[in-house]
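Structure, as C-alpha cells:
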There are 4 protein chains.
Amino acid sequence: MIQSVAFIGLGAMGYRMAAHLPKQFDTVYVWNRNFAKAEQHASDFGTQAVSLEQATQADVIFSCLPTSQDVDNLIASVQLKAGSIWVDCTSGVPESAQKLAQIVKSQGVDFLDAPVSGQTIGAENGTLTVMVGGDIKAFERALPAMQCFGKLIKHVGASGAGFAVKAVNNMLMAVNLCAVAEGFTTLKAHGVNLNEALDCINASSGKSMVTETVLPQRILNRQFPLTFALPLLAKDTGIAVDLVRQAKLSAPVLSLTQNLIQAASDLSEENSDFSTAVTMYEKWSKITIE
Amino acid sequence: MIQSVAFIGLGAMGYRMAAHLPKQFDTVYVWNRNFAKAEQHASDFGTQAVSLEQATQADVIFSCLPTSQDVDNLIASVQLKAGSIWVDCTSGVPESAQKLAQIVKSQGVDFLDAPVSGQTIGAENGTLTVMVGGDIKAFERALPAMQCFGKLIKHVGASGAGFAVKAVNNMLMAVNLCAVAEGFTTLKAHGVNLNEALDCINASSGKSMVTETVLPQRILNRQFPLTFALPLLAKDTGIAVDLVRQAKLSAPVLSLTQNLIQAASDLSEENSDFSTAVTMYEKWSKITIE
Amino acid sequence: MIQSVAFIGLGAMGYRMAAHLPKQFDTVYVWNRNFAKAEQHASDFGTQAVSLEQATQADVIFSCLPTSQDVDNLIASVQLKAGSIWVDCTSGVPESAQKLAQIVKSQGVDFLDAPVSGQTIGAENGTLTVMVGGDIKAFERALPAMQCFGKLIKHVGASGAGFAVKAVNNMLMAVNLCAVAEGFTTLKAHGVNLNEALDCINASSGKSMVTETVLPQRILNRQFPLTFALPLLAKDTGIAVDLVRQAKLSAPVLSLTQNLIQAASDLSEENSDFSTAVTMYEKWSKITIE
Amino acid sequence: MIQSVAFIGLGAMGYRMAAHLPKQFDTVYVWNRNFAKAEQHASDFGTQAVSLEQATQADVIFSCLPTSQDVDNLIASVQLKAGSIWVDCTSGVPESAQKLAQIVKSQGVDFLDAPVSGQTIGAENGTLTVMVGGDIKAFERALPAMQCFGKLIKHVGASGAGFAVKAVNNMLMAVNLCAVAEGFTTLKAHGVNLNEALDCINASSGKSMVTETVLPQRILNRQFPLTFALPLLAKDTGIAVDLVRQAKLSAPVLSLTQNLIQAASDLSEENSDFSTAVTMYEKWSKITIE
C-alpha cells in the first residue's frame with residue numbers, strides 16, 4: 001500500500017505530471033534542483049516541497065530528468081529506503097536502467113524505467129502513455145501512482161525495455177520526419193499542391209503522426225514551436241542505434257536517419273524544435289515546405 | 001454533362017470501382033483484355049460489356065491497369081472522341097502522364113492522372129481517396145464520375161501530380177515498413193514484448209499506418225495476405241526516386257528505402273504481399289517479428 | 001585507313017588531346033563553338049581550324065563536350081559522311097550512346113562512346129585511359145587515332161559500355177571522397193594525427209586514389225584547385241545510379257553517395273572543385289580536415 | 001635498453017611476427033593458450049616457450065589476440081613488471097586501450113595500442129605497417145622491437161589512436177568492397193566486360209586496394225581464400241561507427257556500410273573470407289561478379 005509519493009525533476013513534463021498526484025495520495029513530496037520551482041508547485045497543487053533526503057524516503061519516487069546520467073548522479077547521492085520503488089520517467093538509456101536496477105536492488109529497492117509519451121498536453125490532462133521496464137511485481141505495486149498521469153500504461157519487459165521502446169518510438173518519428181522532408185520537397189519541386197497532397201496522404205497508407213500533426217502544425221505553417229528540442233531527438237535516435245549495435249543487427253534506415261538527425265542538430269541553432277530538422281533539407285534543395 | 005462512362009481494366013480494384021458507376025449513370029461500358037470478366041461484370045452490376053472501340057467513345061473513360069506502359073499501348077491503339085476525358089487510375093509514372101496528356105490533347109481529349117488509395121475494401125465501399133493531376137476544368141467535369149467510387153477527391157496539380165503524390169505516399173509507407181522491421185527486430189533482440197510495445201507506439205509519436213494496420217494485421221500474425229504485391233511497391237518506390245532524380249534533389253532516406261525494397265522484392269517469391277519485405281530483415285537477424 | 005581526323009570541343013581536355021593528332025595524321029581539323037580557340041589551336045599545333053561542316057567530313061571525328069545533350073544537338077545539326085567513325089570522349093549517358101549509335105548507323109556511320117580518364121596532365125602527356133563502347137570493328141579501325149592521346153585503351157562492351165564504366169569509376173571515387181571525409185573527421189575528433197594516419201592507410205587496405213592523391217594534394221593542404229567541378233561529379237554519380245535503376249538492382253552505398261554529392265553540390269559555390277564536397281561534412285562536424 | 005621481449009598470441013599473424021624477434025634479441029619468450037604452438041615456435045625459430053607469468057616479465061611484451069576483451073582478461077590475470085612496455089597488436093577498441101593504459105600505468109607499465117596491417121604475407125616478410133597510439137617516449141623505447149616485423153611504423157596519437165586508425169582503415173576497405181560489389185553487378189547487368197572495365201578503373205580515379213587486389217585475386221576468380229574472416233571485418237566496422245557515435249558526428253556512408261557488412265556477415269557461412277560479402281549483393285541481383 002503506497003503511503004507517500006515523491007516527484008523529482010519539475011521540468012515542463014514533470015511539473016504537470018506531479019500535479020495529478022495529490023488527487024490520489026495524501027503525502028506528495030516534490031523536489032527540484034532549482035528549489036523555487038518546487039515551492040511554486042507546492043503552492044499551486046498542495047504538494048510538499050522537501051529536501052532531496054526526505055523526498056527519497058517516499059514509498060514511490062518518480063524522477064523525470066534530462067538524461068540517464070543525471071539520474072545516475074542523483075541516485076548515487078542519496079540513501080534509499082528498503083521496500084520503495086524508484087520510477088524513472090526520463091527518456092533514458094536501457095543499459096543504464098539495467099545498472100541502476102542492480103545497484104538499488106542491493107538496498108532492497110526496485111527500479112522501473114517508465115518513460116512517457118504524449119507531450120505537455122498529455123501531462124496536463126493526465127493522459128500520457130507510459131512504457132515500463134522492470135520487475136512485474138514492482139510494476140503492479142507502482143501502477144496506482146502511475147495511473148495519476150498515465151492513461152495507457154504497459155509493462156513491456158525487463159529493466160531497460162521501457163527506455164528501449166521509447167527510443168524506438170522516437171526513432172520511428174525521426175524516420176518519418178526525414179522521409180516527409182524528402183518527399184515533400186520532391187513534390188513541391190514538381191509543382192504539386194502540398195496541402196492537397198497532405199490531405200490525400202493522411203487518408204492513405206503513407207500517413208504517420210508526422211504527416212497528421214507535425215507537418216501541418218509545425219512545418220507547413222512555419223511555426224516550429226519549441227516543445228521538444230532537436231538535440232534531444234538526436235540523443236534518442238542515438239540510443240536506438242546503440243541498441244542495434246549491441247544486438248549486432250543491421251538497421252540501415254535507422255542508422256541513416258540517426259546520422260541525418262545528428263547533422264541537422266549540429267547545424268541547428270540553440271533551442272530549435274525537433275521539427276526544424278527539415279530545414280537542413282530545405283537548404284539543400286532551396287525549396288521551402290510551405 | 002456526362003452521358004456515358006467506361007471502365008477499362010477490371011482487376012481487383014477496377015472490378016469493384018466500376019460496380020458503383022451504374023448507380024449514377026445510365027450508360028456504363030466496361031472492357032477487359034480477358035473479356036469474360038467484362039461479361040461477368042455486366043451480369044453482376046448491369047454494366048455493358050462492349051468492344052474497346054465502343055468503350056473509348058464514352059464521355060469519361062476510366063483506366064486502371066498495372067503500369068503506365070499498358071496505358072500508353074492502349075491509348076495508342078484506339079481512336080478517341082473529341083471532348084471526352086480519360087481518367088487514368090493506374091499507379092503510374094508522372095512523366096508518362098505528361099506525355100499522354102499532350103498526345104490526347106491534340107485529339108481534343110483531356111487526360112487526368114487519378115490514382116487511388118484505399119485498397120480493395122475502399123473500392124468495394126466507394127470510399128477511395130483519389131489524387132488527381134491535370135487540367136482543373138477537366139477535373140471538375142469528371143468529378144461526378146469519380147465521386148461514384150471516391151470519398152476524398154483532390155486536385156493536386158498539373159498533369160503527373162496525381163501520380164507523383166501516389167508514388168510519394170507509397171514510398172512513405174515503404175519507409176515505415178523498413179523502419180518498423182528494423183525497430184521491432186531490435187526490440188525483440190532486447191527481450192521486449194512486441195505487442196505491448198506496439199500498443200505504446202500506436203499511442204505515441206512513432207505511429208504510422210504501418211504500425212496501426214500492417215504490423216498487427218499482416219506481420220505479427222504471420223499472415224502476409226496478398227493484396228498488394230511487393231514488386232508493385234518496388235515499382236512505386238522507383239517512381240518516387242525517379243522524381244527525386246529529375247528534380248536533382250537529395251533524398252537519402254527515400255533512396256535507401258527504394259534500394260532495400262528492391263532487394264527484398266528480388267529475394268521474394270512470386271505473389272508475395274508487400275509486407276513480406278520484413279522477412280529480408282528477419283533472415284539477416286534470425287529474429288521473427290511475432 | 002584513316003586519312004583525316006577531326007576534334008570537336010577544345011576545352012581543358014580536348015585542347016590537349018587534339019594537340020597529339022598532327023604527330024600521326026596529316027589532316028587534322030579542329031572546331032570549337034568559340035572559334036578563336038580553334039584558330040589558336042591551329043596556330044599552336046599545326047591543326048586546321050575549319051567549319052563544323054568540314055570537320056564532320058573527316059574519317060574519324062572526336063567530340064569532347066560537357067554533356068551527352070550537347071553531342072545530341074551537334075550530331076542533329078550536321079550531315080555525316082558514310083564510312084566515318086564518331087568517337088565521343090564526353091563523360092556521357094549510356095542510353096544516349098545507344099540512341100546516337102542507332103541514329104548515325106542509318107547514315108553508314110559508327111559511333112563509339114570513348115570517355116577518358118587521367119585529367120589534364122594525362123591529356124597533355126598523351127597517357128589517358130580510354131574506355132570504349134560500341135562496334136568492335138569500328139573500335140579497331142579508330143584505335144590508331146585514339147592511341148595519339150591514350151595509353152590504356154580498352155573495348156569494354158557494346159554502345160554505352162564506355163560511358164557506363166566511366167560513370168561507375170567516378171562513382172567509386174565519389175564514394176571514397178565521402179568515406180574519407182567521414183573517416184578523417186572522426187579520427188580528428190579523437191585527436192589522431194591525420195598526416196601520420198594517412199601514411200598508414202596509404203600502406204594498408206583502406207587506400208584508394210582519394211587517399212593517395214585527393215586528400216593530400218587538395219584537401220589536407222586546403223587548396224581545392226578547380227580541375228573537375230563538383231556539379232560534374234554530381235552529374236556522373238547520377239548517371240551511375242540511373243544505370244542501377246534501369247537494371248532494377250539494389251545499390252544502397254552508391255545511391256546514398258549520389259544523394260550526398262548532390263547535396264554537397266547544391267550547397268557549393270560556383271566553380272568549386274569536386275574535392276570541396278568534404279566541406280559539407282566539415283560544416284556538420286565543425287572539424288576541418290587539415 | 002631492451003633485454004628481453006615476449007610475444008603472446010601465436011595466431012596466423014602473431015606466429016609470423018614473433019619469428020623475426022630472435023634476429024634482434026637474445027631473450028625472446030613466446031606464449032600461447034594452446035601451448036603446443038608456443039613449443040613449435042620455439043623449435044622453429046629459437047624462441048623460448050615459457051609460462052605466461054615468465055613471459056610477462058619481459059621488457060617489451062607483444063600481444064596479438066582476437067579482441068580487446070581477450071587482452072583485458074589476460075592483463076587482469078598477470079603481474080606486470082614496472083618499467084616494461086605492453087605493445088598490443090590486436091585490432092582492438094580505442095576506449096579499451098585508454099582504460100588498459102590507465103590500469104597498467106599504476107603498475108609503472110606503459111601500454112601502446114599498435115595494430116598492424118599487411119596480412120600474413122607482410123608478417124612473414126617483416127614489412128607490416130604499425131599504427132601506434134600511446135605515450136611517445138614509450139613508443140620510442142619500443143620502436144626497435146616493433147622494427148623487427150614492421151616497415152612503416154607511425155605514432156598516430158595518444159592511447160587508442162592506433163586502434164582508431166586501424167578501424168577506419170578497415171572501414172574504408174569495407175566501403176570499397178560494398179561499392180565495388182554494387183558497381184560491378186551494375187556494369188555486368190549492362191553487358192560490360194568486367195575484366196576490361198577493371199583495367200580501366202585501376203588506371204583511373206576509382207581505383208582502391210579493393211579494385212587492385214581484392215576484386216581480381218579473390219572475387220573475379222571466385223576463390224575467396226580465407227585470410228581475414230568476414231565477422232572480424234564486421235567487428236572492425238563496428239568499432240569505427242562507435243567512434244563516430246562517441247564523437248557525436250554524422251557519417252552516413254560509414255554507418256550504412258557497417259550495417260551492410262553486418263548483414264552480410266550474419267548471412268555468411270562460418271569461416272568465410274571478408275570478400276564473400278559481395279555474395280549478398282549477388283543473391284539480390286542474381287548476377288555473379290566474374
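Chain letters run A, B, ... following the sequence lines, proteins first and then strands; every chain starts at 1. Values reported hereafter were calculated over all heavy atoms of this structure, with side chains retained and with hydrogens, waters and symmetry mates removed.
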Do other residues, nucleotides or ligands put more than 12 heavy atoms under 6.0 Å from the CD atom of D:Gln102? no
Pick from [options]: which one has the most heavy-atom pairs with chain C under 4.5 Å?
{"options": "D:Ala197, D:Ser255, D:Ala189", "value": "D:Ala197"}
{"options": "D:Val130, D:Thr129, D:Thr257, D:Val116", "value": "D:Thr129"}
{"options": "D:Thr211, D:Leu152, D:Leu187", "value": "D:Leu187"}
{"options": "D:Gly191, D:Ser208, D:Pro94, D:Ser204", "value": "D:Ser204"}

Chain D contacts: which residues in [range] have a non-hydrogen atom closer than 4.5 Å to it?
{"range": "residues 241-252 of chain C", "result": "C:Leu243, C:Val244, C:Gln246, C:Ala247, C:Leu249, C:Ser250, C:Ala251, C:Pro252"}
{"range": "residues 171-180 of chain C", "result": "C:Leu172, C:Met173, C:Val175, C:Asn176, C:Cys178, C:Ala179, C:Val180"}
{"range": "residues 279-290 of chain C", "result": "C:Tyr281, C:Trp284, C:Ser285, C:Ile287"}

Less than 4.5 Å apart, any side-chain heavy atom of D:Asn169 and any of C:Cys200? no
Among the options [options], pick out the one with the most heavy-atom pairs lying under 4.5 Å from chain D.
{"options": "C:Leu260, C:Leu256, C:Asn193", "value": "C:Leu256"}
{"options": "C:Ala161, C:Gly157, C:Ala203, C:Ala240", "value": "C:Ala203"}
{"options": "C:Ser205, C:Ala158, C:Ser117", "value": "C:Ser205"}

Pairing residues for D:His155 by the ring-ring contact (aromatic ring centres under 6.0 Å, His included) criterion, not counting sequence neighbours: D:Phe139
Calculate, to the nearest 0.5 Å, the distance between atoms [atom1] and [atom2] belonging to [X] and [Y] respectively.
{"X": "C:Lys154", "Y": "D:Ile201", "atom1": "NZ", "atom2": "CD1", "answer": "12.5 Å"}
{"X": "C:Ile153", "Y": "D:Glu196", "atom1": "CD1", "atom2": "CD", "answer": "12.5 Å"}
{"X": "D:Leu254", "Y": "C:Thr185", "atom1": "CG", "atom2": "OG1", "answer": "8.0 Å"}

Residue part contacting chain C, namely of D:Leu128, when any heavy atom lies under 4.5 Å: neither
Which region of D:Glu212, side chain (C-beta onward) or backbone (N, CA, C, O), has a non-hydrogen atom less than 4.5 Å from a non-hydrogen atom of chain C, or is it both or neither? side chain
Considering all heavy atoms of both residues, which atom of D:Val168 and which atom of C:Gly183 are nearest to each other, and what is their separation? CG1-CA, 4.0 Å
